[in-house]
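Working notes, beginning with the structure itself.
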Amino acid sequence: MNRVLSTERDYFDYNLLAIVILLTCFGLVMLYSTSAYEAMLEPGGDDMSYFRKQAVISVGAFVLALIGSQIDYHFLARFAVPVYWVSIFFLVITKFIGREVNGAKRWIYFGPVSFQPAELAKLAIILFLPVLIVKMGTKLKGLKPALIVFGFGFLSAACTYIFTENLSTAIIIAGITVILVFIAHPKTAPFVIAAGVGAALVALLVLFLVSSAAGDGSFRIQRIKVWLDPESYSSLGGYQVMQALYAIGSGGFFGKGLGNSTQKLGALPEAQNDMIFSIICEELGVFGAVLVILMFVFMLYRLFFIAQNAPDLLGSLIVSGIFVHIALQVILNIAVVTNLIPTTGITLPFVSYGGTSILFLMAEMALALSVSRQIRFRT
């Protein structure tokens with residue numbers, strides 16, 4: 001009788017690595033197409049200015065991600081606590097030493113190098129909360145331990161909103177916190193009830209402020225009014241929304257062709273940042289938009305696969321946090337560009353311009369790939 005021996009096979013998620021490369025390269029192509037005209041108008045007239053900066057940072061960050069993926073995530077988790085408090089520190093000091101850009105202090109400058117602390121805060125939460133949840137173990141089912149986890153997550157979200165006025169990132173951090181606790185907590189009903197009550201209260205508050213004079217002076221309420229009627233509030237931000245919608249509508253099914261956008265020629269301000277998805281729709285049409293969405297869906301599928309097969313709860317929660325971050329950011333960005341929700345100033349991962357963003361996104365991919373290296377399959 002032949003004996004069948006079971007052996008363990010090492011694993012590394014090359015599919016995730018491939019989609020990261022594909023999205024980054026696609027992002028660089030679209031960044032050049034979107035930013036070349038605006039870059040030419042700046043001092044020096046270099047059409048590759050934005051592209052060159054992003055390409056250098058992307059390549060460097062990708063190399064660091066490959067190196068980081070070879071490090072055991074359990075070792076990286078040892079630094080979760082100091083990274084969390086360092087992120088809080090940077091968020092706080094941004095209010096006092098940060099440089100104001102477009103009316104908000106969200107950047108700290110170290111000479112020629114700029115840094116956005118809110119991006120570090122997202123990575124810190126993704127690393128810190130899983131460590132905290134794993135240490136609590138079965139105690140998490142109690143009210144006090146769960147509130148402690150929520151407290152740390154919401155502290156980071158509150159600091160992000162109060163000290164950097166970055167509501168979109170605060171929402172993402174709060175979302176990561178809630179979903180990670182939801183995943184680890186044995187009960188589902190309290191979260192469903194809390195979500196329903198919270199959504200109802202927010203809806204009632206917004207309706208009250210919009211329909212009354214109470215919110216007339218509020219910047220946030222003005223954004224909601226812009227969202228509801230961008231044409232009437234074009235001077236308060238509706239102009240950008242309308243131009244983005246014009247770009248999307250003029251693209252048709254296959255678009256005008258790569259590089260042939262007209263809205264990027266000054267009509268759509270800062271198109272290479274938050275609104276780059278509208279230029280994708282204009283140049284590549286519905287086909288290009290669906291292709292981008294499918295690339296993100298595949299990335300999320302790979303992250304889900306790694307989280308499901310992670311060797312322990314710590315690895316599963318870390319990758320789940322990354323999954324939630326990418327999913328929320330993509331959904332929020334596309335929803336803003338298509339005017340489904342009020343403008344929030346959130347970028348499209350791996351595609352929009354931003355060195356700090358791509359650096360910390362690659363750090364998250366390094367963590368996910370590190371977890372994937374610990375997966376073992378029996379053959």
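Numbering starts at 1 and runs along the sequence shown.
- The shortest heavy-atom contact between Ile248 and Thr338 is CD1-CG2, 4.0 Å.
- Residue pairs satisfying the side chain to side chain donor-acceptor pair (under 3.5 Å) criterion with at least one member in residues 354-366, sequence neighbours excluded, are listed as follows: His325-Glu364.
- Residue Leu180 forms a side-chain contact (heavy atoms from CB on, under 4.5 Å) with just one option from Ile126, Ile133, Leu132, and that option is Ile133.
- Of the residues listed (Ile306, Asp72, Leu317), the one engaging Val371 in a side-chain contact (heavy atoms from CB on, under 4.5 Å) is Ile306, and it is the only one.
- Of the possible donor and acceptor atoms, none in the side chain of Ser316 sits under 3.5 Å from a partner among the backbone N and O of Asp312.
- Taking the six-membered ring wherever Trp is involved, the centroid distance between the rings of Phe75 and Tyr73 does not fall below 6.0 Å.
- Side chains of Leu291 and Ile280 form no contact here, defined as non-hydrogen atoms less than 4.5 Å apart.
- Checking side-chain atoms of Thr177 against main-chain N and O of Ile173 turns up a donor-acceptor pair under 3.5 Å.
- Minimum heavy-atom separation, Ile125 to Gly153: CD1-CA, 3.9 Å.
- Side-chain atoms of Ser69 come within 3.5 Å of backbone atoms of Leu66 as a donor-acceptor pair (strictly under, hydrogens ignored).
- With hydrogens and angles ignored, the 3.5 Å screen pairs no side-chain donor or acceptor of Asn333 with any backbone N or O of Gln329.
- Residues Ile21 and Phe62 form a side-chain contact, since some pair of their non-hydrogen atoms from C-beta on lies under 4.5 Å apart.
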In sequence, state the C-alpha distance, the side-chain angles, and the governing distance for Ser49 and Asp47, and then conclude on side-chain hydrogen bond (donor to acceptor under 3.5 Å, both in side chains).
CA-CA 6 Å; Ser49 174; Asp47 65 328; over 6 Å; no
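- Side chain of Glu38 to main chain of Leu265: no donor-acceptor pair is present (N/O by atom type, distance under 3.5 Å, no hydrogens or angles).
- Counting only N and O atoms by type, the side chains of Thr34 and Glu283 include no donor and acceptor under 3.5 Å apart.
- Annotation: side chain of Gln308 is not in contact with side chain of Val319 (no heavy-atom distance under 4.5 Å).
- No side-chain donor from either of Gln263 and Glu282 sits under 3.5 Å from a side-chain acceptor of the other.
- With a 6.0 Å radius and a threshold of 12 heavy atoms from other residues, nucleotides or ligands, Lys256 has its NZ atom above the threshold.
- Formation of a donor-acceptor pair under 3.5 Å by the Ser372 side chain with backbone atoms of Phe12 is not found in this model.
- Counting only heavy atoms from C-beta outward, the side chains of Phe277 and Ser352 never approach each other to under 4.5 Å.
- Using modelled atom types, one side-chain atom of Arg106 and one backbone atom of Glu165 make a donor-acceptor pair closer than 3.5 Å.
- The shortest side-chain heavy-atom distance between Leu64 and Met362 does not fall under the 4.5 Å cut-off.
- Taking the six-membered ring where tryptophan is involved, the planes of Phe51 and Tyr32 are perpendicular, since the angle between them exceeds 60° and thus also 30°.
- The nearest pair of heavy atoms linking Val131 to Leu127 is CG2-O, 3.3 Å.
- With Thr164 contributing its side chain and Tyr161 its backbone, the two residues share no donor-acceptor pair below 3.5 Å.
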Mind listing the side-chain donor-acceptor pairs of residues 77-95 below 3.5 Å, one per line with the distance, residues two or more places apart or on another chain?
| from | atom 1 | to | atom 2 | distance (Å) |
| --- | --- | --- | --- | --- |
| Tyr84 | OH | Phe152 | O | 2.6 |
| Ser87 | OG | Tyr84 | O | 2.5 |
| Thr94 | OG1 | Phe90 | O | 2.5 |

Would you sort out whether Lys264 and Ser33 count as a side-chain hydrogen bond (donor to acceptor under 3.5 Å, both in side chains), showing the intermediate values?
CA-CA 9 Å; Lys264 69 185 180 185; Ser33 175; 3.2 Å; yes
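- Side-chain contact check for Phe26 versus Met295: some heavy-atom pair is nearer than 4.5 Å.
- With hydrogens and angles ignored, the 3.5 Å screen pairs no side-chain donor or acceptor of Gln272 with any backbone N or O of Tyr50.
- Cluster membership check: Tyr301 shares its hydrophobic cluster with Ile322, using side-chain heavy-atom separations under 4.5 Å among Ile, Leu, Val, Met, Phe, Trp and Tyr.
- Between the side chain of Ser370 and the main chain of Ile71, a donor-acceptor pair closer than 3.5 Å is present.
- Residues Val181 and Phe154 share a hydrophobic cluster, clusters being chains of Ile/Leu/Val/Met/Phe/Trp/Tyr side chains in contact below 4.5 Å.
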